[in-house]
Amino acid sequence: MPMEQGKQLEKVYAPSSVEKRIYRRWLDGNYFHAAADKSKKPFTIVIPPPNITGRLHVGHAVDNTLQDVLVRWKRMQGYAALWMPGTDHASIATEAKIVEALKLEGTSKAEIGREKFLERAWAWRELYGGKILEQLKRLGCSCDWERERFTMDAGLSEAVAEVFVRLYGEGLIYKGERIINWCPRCGTSISDIEVEYNERDGCFWHIKYPVVPAGGAAGGALAGATTGAAGGVAAAGAAPGAAGSAGTGATTWAAGGGDFITVATTRPETMLGDTAVAVNPADPRYAGYIGRTVMLPLAGREIPIIADEYVDSEFGTGAVKITPAHDPNDFEVGLRHGLPRLRVMDDRAAMNENAGAYSGLDRYEARRRIVADLDAAGLLAKTEPRAHSVGECSRCHETIEPIMSTQWFVKMKPLAGPAIDAVRQGRTRFVPDRFSKIYFNWMENIQDWCISRQLWWGHRIPAYYCDACGEIAVARQKPEKCPKCGAAALRQDEDTLDTWFSSALWPFSTMGWPKRTPEMEYFYPTDVLVTGYDIIFFWVARMIFSAVKHTGDVPFRHVYMHGLVRDAQGRKMSKSLGNGVDPLDVIERCGADALRFALTIGNAPGNDLRLSDEKIESARNFANKLWNAARFVLMNLGGGEQAGGESGDGEGDGGGMAGGGSPLADAQSAGEGGDGAPQLTMADRWILSDYNRLVKEATEHLDRFELGMALQKIYDFIWDEFCDWYIELAKPRLLGGDAGQRGAARRVLRGVLKGCAQLLHPFMPFITEEIYTALGESAGPGGATDGARGGAVNGAADSSASGGGAPGEVFAASVMVSAWPQYDEALEAKADTDKMRFVMSVIKSIRNRRSEMNVHPGKKASAVFVTDSREQADALSEGRAFIERLASVSSFAIEGERARAASDSAVALVVDGAEIFIPFGELVDVQKEAERLKKELDRLDREIARAGGRLANEGFTSKAPASVIEDERAKLAGYEAMRAKVADNLGRLG
RNA sequence: GGGUGCUUAGCUCAGCUGGGAGAGCACAUGCCUUACAAGCAUGGGGUCGCAAGUUCGAGCCUUGCAGUGCCCACCA
């Protein structure tokens, strides 16, 4: 009866005091480390490397929780489970932080120069870069920390250079002048997928371009127009009075009787870079204009009218201004027609020297002035308000500017093909499968990838220019001299690579590629990539084509996708809304286990999930529930009394080999071995049997990546079956009972709880470790060997033990290196399970009656059971103590004759054909009881009609499977028997 | 314009290859029954978006429709 000193658990689970200590122990035990081990199968996950600028947000929390679940589970299954951690240099995000810091100090990139800037960045990385990994530790992540990688580590940088050089050598990387997305705020090009398109209110300006008159007559008018337009430009730049001059020009045109082609644009400032106007060749309206020219207003340049299929006659005015240097389509048109490409903006998106009078103006200011000037000149035909999609920088949300620029590109088509095949052949599978369609759709329509960035923080492009001869040398190391002309002065390309270029190599660069390392041999390809569906394009697809290209294999066999975390209202969590749940805050308040639980429970793969306070609270409640169940079990395993009662551990150690740590081994050895020869009761066999089924189901769900479902099942079992039923069923034996019965109950309690701790461990690692360890200690000196076997790399004190004669009660040094529970056929106990279920139904039924009749729980009642079934009679007598305790029944009789039992009992219940008579005497309202029975009769009639109708249907009886028909017949018979009894009881009420 | 999800209890969501609808929260009633009031017991609550079809049988399969979300796309 005295508690184990020091092993008494707190009444309320206090995660914060437990988690740090436990994590420390795992580290000390070296359990996270995985090494190539020929005796085991590998299981590998590489972490999606968080940005060094990052702070753990709830998105990371889900992503890493799922990974940790998988890796802990596989580790327990005996795999050499490697979870490779690391961080991403995040070139643009990090650079922005440094720039910001410099600004606060009153200096800038330009001022301190590249070298100093990089020093700053590295220092910053040293200081903050590991923060997020520390936060992952608080979440419980079991990464192999000694393998931590960073995308700018020497080895990984080597991989980057290697890939660049190889692709360049094959012509799959090229340098060229294209329209790229330019972010004026970040001051760099970005790739297509880094642009977000949003609907914005804007205008569609219809602008009249004066057509230069054909033939000789044109001369005078042209001159006039030129003067007028030129005057407009000059004036516009000079003063508000500009409008007048421009107007003069237009007037000249009107007076000259010239006509116009009207174009429409949402970006009028780009007109200064127009080098043509295009119409559809089939458009009759413009047939006569093709081949002629227009005078570009405000610029005073004469540009051709061309015909191109690209133009949609239905859209706008059917005539398009062509600005090859500022629009991707126009660029293509320009190529087809050999048009000049005139850039009119600089890298800050201000108008450049080619913009004449508008030079130096910001693009929006220029837009305003140009519109005003056109209007004043009478050349603005119409201003149409219009919502259109505007590309914005996904990082800073500045409106991007499509600008012609010389950049480096990866030629995608040749890389995409094999990557598509890899998924089509199922070498990499998306979970759920529907994401493969998204992948295909993107890969099949892929554009070349702009990989150069005008940033300093990142992998510098390994291209070297010879100013003497113009040669470009691409090499792993900077060449001593120009390979062509031998000049010594080579200049490296100033640009760096897209941060995703290095992330794309992550699954193999972290393993040491391009070297042929043991890790590459053993752990690669990886097994699962866990990530959100929002980065399929950015990362997943790029890893696949990179890996297929460079390693000849897929980077991972499965891609397990999860959704986004939303708030209670279903909104995306964002900084600006301030609706984000801070995972660290949740960990602080409710524990990492509760957070992990809330993020995992009941979620289907690929679906978004909502995280609310209520959900977190119920997760915390579950942890507490489990905690208290463990308290109960530990209290009852007791101190000194225990050893005698259980005939010690020697018996356990020598005993069952069944399934290494199976509760059966514990329980049966108690049942058959010990003094007093205690037997397992039907309650024990029932819970063991259900536990066993849980093991099977949970494992199957995990195998199918249905983590949410696996956890749901474990949760249901622990709460509804183990806590609410089994513990209650065990109490009578623990409190009363002889030593043998007590021993059996204890063994089962401990065995099942231990198994639950193991099954739950991947999801809730801390609390399960605490419980498992406490159980191990309670098993006595031979049990837990905390630390003693900690040296076993990636463990498996337990699993190795199971290979060589596992004692039933072996506890591993840590639950995380214990062997994952196995389904064990010997635990199936159908007869006992049926009996127990029957008793439970009886208990429920009596409780129900009592509750409906408002019978105080303290008031005991006597009950008489009548049944024809031998099994039921056995169950009732075996379950007597359960029924008495859990249904508040005092005296108890099982009779064969219902007439006598029924005589003075107003309340009659029918459960599975057995009848229960309870004399509640004065409590019974005969009227109400009769009504209840009538309702019951109605219900049974409906059921009988349904089942009867179904069985009468020949289609059903001839085509449905036999088992289904059999079930239906049994149901019908049951209902009919029940109806007879209910009808009889109703009749008796008079 | 394409593609792709979703629509199940008041709310948030599960529901595996088609065989009588589930959980959490909320709600109602009664319980401090010595593991847990962050709890226990009992209960109410659903024409599974609508309509056709396939099937002996449909929440699940097919088609259409209606709402709603997301992704992609070069509508100037």
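Not measured: the values here are computed from a predicted model.
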Under the ring-ring contact (aromatic ring centres under 6.0 Å, His included) rule, collect the residues that match up with A/Phe956, sequence neighbours excluded. none
Roughly, in whole Å, what's the span from NE2 in A/His701 to C1' in B/G15? 10 Å
Please determine whether a side-chain nitrogen of the Lys or Arg among A/Glu269 and A/Arg363 lies less than 4.0 Å from a carboxylate oxygen of the Asp or Glu. no
Is the shortest distance from a Lys or Arg side-chain nitrogen in A/Arg200 or A/Glu392 to a carboxylate oxygen in the other one below 4.0 Å? yes
Under the salt bridge (charged side-chain N to carboxylate O under 4.0 Å, His left out) test, which residues partner A/Lys208, sequence neighbours left out? none
Nucleotide by nucleotide, nucleotides 69-76 of chain B touches protein heavy atoms under 4.0 Å in the pattern (B base, S sugar-phosphate only, - none) --SS-BBB
For nucleotides 30-45 of chain B, give me one character per nucleotide, 5' to 3': B if any protein heavy atom sits under 4.0 Å from the base, S if the only such contacts are to the sugar-phosphate, - if neither. -----BBSBSSSSS--
Between A/Glu401 and A/Arg267, is there a salt bridge with N-O shorter than 4.0 Å? yes
Please report the distance, rounded to the nearest Å, between CD1 in A/Ile446 and P in B/G3. 20 Å
Under the ring-ring contact (aromatic ring centres under 6.0 Å, His included) test, which residues partner A/Phe717, sequence neighbours left out? none
Taking the side chain of A/Ala604 as heavy atoms from C-beta outward, which of B/G5, B/C56, B/A14 is closest to it? B/A14
Can you confirm if the aromatic rings of A/Tyr715 and A/Phe763 lie within a centre distance of less than 6.0 Å? no
Just the dot-bracket of RNA chain B, please: which string comes out with Watson-Crick or G-U pairs under 3.5 Å, [ ] for crossing, | for another strand? (((((((..((((.....[..)))).(((((.......))))).....(((((..]....))))))))))))....
For residues A/Ile207 and A/Val371, determine if any side-chain heavy atom of one lies less than 4.5 Å from a side-chain heavy atom of the other. no
Between A/Asp716 (CG) and B/G22 (C1'), how many Å, whole number? 9 Å
Would A/His206 and A/Phe204 count as a close aromatic pair, with their ring centres under 6.0 Å? yes
